[in-house]
Amino acid sequence: MKDIDAIAVLGDPVRRRLYEYVAAQGREVGRNEAAEATGVARTLAAHHLDKLTEAGLLESGSRRLTGRSGPGAGRPAKVYARARAERSVSLPGRDYRTAAELLAEAAEQAGLDDLLNEAARRRGEALRGAEAPCGDLAEAMRMLAARGYEPHLERRDGAGGTEGVEGTGGTEGAEGAEGAEEVTEGETAVVRMRNCPFHAVSERFPPLVCGMNLALLEGLLGADGPVRARMDARPGECCVVVEPSENVVEPSKNNDD
């Protein structure tokens with residue numbers, strides 16, 4: 001019942017807004033920032049953030065937010081980030097995770113990767129239904145947000161440097177989707193995802209589950225459309241990214257012969 005108690009903490013609407021904001025940032029957030037973003041007083045934000053930490057939904061620490069160190073740098077401030085622990089509630093109790101891990105183990109041992117990927121691609125196509133392939137990154141972000149991937153936009157300038165990151169700004173990814181529509185000429189952009197819906201199983205069977213995830217998103221986004229999914233693993237994030245098809249770099253041809 002511990003998970004029920006933790007999730008029940010989110011019943012307070014202010015507390016839930018604070019949790020959603022911190023979770024969407026993918027980094028540590030100070031009390032002032034959280035209060036300003038959610039439109040509540042700092043003291044009230046501090047109270048609710050600490051309650052979320054006590055419930056195990058957030059983790060807290062301290063660091064100097066000024067970016068300076070040494071004399072005059074100011075006192076360290078308390079900061080918060082989403083807890084790594086996973087919470088789930090099922091009434092009556094169910095154990096789908098064990099079933100998923102057993103099926104993944106059997107598929108891996110039997111070498112069923114290709115069959116699993118084909119099934120995942122078909123499922124993605126079924127989820128998309130009769131809709132045309134995904135039209136752009138903004139649409140992709142809304143689709144991914146609806147399925148719990150927590151997408152965020154990463155922009156790069158022509159030299160390959162990262163210029164900025166747009167968060168999802170909520171469960172529907174509205175702010176991030178708007179940012180995807182504002183990519184300027186000379187920039188490239190990819191959509192990365194802070195959450196992997198299959199994280200628990202992918203930790204034990206990464207090649208199998210990450211390949212399945214890629215195939216699922218390929219089916220969901222549609223083949224030969226303006227966007228594509230590809231593998232690009234990064235610690236702490238989903239192993240797949242979504243990008244415009246024109247971002248694809250053709251392999252150079254070797255003319256040695």
Side-chain angles (χ1 to χ4, degrees), residues 2-68 73-89 138 141-155 162-180 190-200 202-203 234-241:
K2 185 177 180 182
D3 282 359
I4 294 179
D5 293 337
I7 294 172
V9 171
L10 297 173
D12 183 287
V14 173
R15 201 170 290 166
R16 186 164 60 252
R17 289 206 311 273
L18 285 162
Y19 173 80
E20 289 174 348
Y21 178 77
V22 173
Q25 304 316 301
R27 55 175 173 78
E28 294 177 328
V29 174
R31 289 172 168 175
N32 287 341
E33 179 187 345
E36 183 177 348
T38 54
V40 301
R42 183 185 184 280
T43 52
L44 182 61
H47 167 75
H48 285 303
L49 289 167
D50 286 340
K51 287 294 184 182
L52 289 165
T53 302
E54 290 172 12
L57 297 175
L58 297 181
E59 296 174 350
S60 64
S62 61
R63 65 178 177 85
R64 289 188 173 89
L65 300 178
T66 61
R68 303 193 305 270
R75 295 171 55 189
K78 197 165 187 178
V79 292
Y80 303 85
R82 180 168 56 183
R84 291 182 289 270
E86 186 175 306
R87 304 285 183 177
S88 62
V89 173
M141 291 185 75
R142 286 188 285 267
M143 294 172 66
L144 294 167
R147 303 203 62 79
Y149 282 93
E150 299 181 8
H152 63 101
L153 187 71
E154 183 176 276
R155 304 186 190 198
T162 302
E163 291 192 334
V165 174
E166 299 285 345
T168 58
T171 56
E172 296 183 358
E175 289 183 12
E178 291 172 2
V190 298
V191 175
R192 294 190 176 272
M193 295 162 264
R194 293 194 177 98
N195 185 50
C196 171
F198 316 110
H199 176 71
S202 69
E203 279 194 313
R234 176 185 285 183
E237 295 194 344
C238 177
C239 57
V240 177
V241 299

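Everything numeric here is computed off the predicted structure, so don't read it as measured data. Along the sequence shown, residues carry numbers from 1.
Taking 4.0 Å as the cut-off between side-chain N and carboxylate O, Asp5 and Arg87 do not count as a salt-bridged pair.
For the pair Cys196 and Ser202, the tightest heavy-atom approach, listed with the atom from each and the gap, is SG-OG, 4.2 Å. Across every non-hydrogen atom of Gly56 and Ala83, the tightest pair is O-CB, 3.2 Å. Pairing each heavy atom of Leu49 with each of Ala34, the nearest pair is CD1-CB, 4.1 Å. Of all non-hydrogen atoms in Pro151 and Val191, the two that sit nearest each other are CB-CG1, 3.6 Å.
Applying the side chain to side chain donor-acceptor pair (under 3.5 Å) test to Asp12 and every residue at least two apart in sequence or in another chain returns nothing. Under the side-chain contact (heavy atoms from CB on, under 4.5 Å) criterion, Lys51 pairs with Arg15, His47, Glu54, sequence neighbours left out.
Between Met193 and Glu150, every side-chain heavy-atom pair lies at or beyond the 4.5 Å cut-off. Inter-residue side-chain proximity for Asp50 and Lys78 is flagged as met; some heavy-atom pair is nearer than 4.5 Å. Met143 is not listed as a side-chain neighbour of Tyr149, based on a closest heavy-atom distance of 4.5 Å or more. For the pair Leu52 and Val9, the minimum side-chain heavy-atom distance is below 4.5 Å.
Remark: the backbone N or O of Leu10 is paired with a side-chain donor or acceptor of Arg16 at under 3.5 angstrom. Without hydrogens or angle criteria, Arg31 side chain to Ala45 main chain gives no donor-acceptor distance under 3.5 Å. Formation of a donor-acceptor pair under 3.5 Å by the Arg17 side chain with backbone atoms of Ala37 is not found in this model.
Interatomic distance, Arg192 CZ to Glu237 CD, rounded to the nearest 0.5 Å: 6.5 Å. Here the CD-CZ distance, from Glu28 to Arg63, works out to 5.0 Å after rounding to the nearest 0.5 Å. With rounding to the nearest 0.5 Å, the separation of CZ in Arg147 from CG in Asn195 is 12.5 Å. The OH atom of Tyr19 sits 9.0 Å away from atom CD1 of Ile7, with the distance rounded to the nearest 0.5 Å. For the atom pair Thr38 OG1 and Glu33 CD, the distance stands at 10.0 Å (nearest 0.5 Å). Annotation: the span from Arg42 atom CZ to Glu36 atom CD amounts to 12.5 Å, rounded to 0.5 Å.
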Test log, rule side chain to side chain contact (heavy atoms under 4.5 Å, CB included), inputs Val29 and Arg82
CA-CA 10 Å; Val29 174; Arg82 180 168 56 183; over 6 Å; no

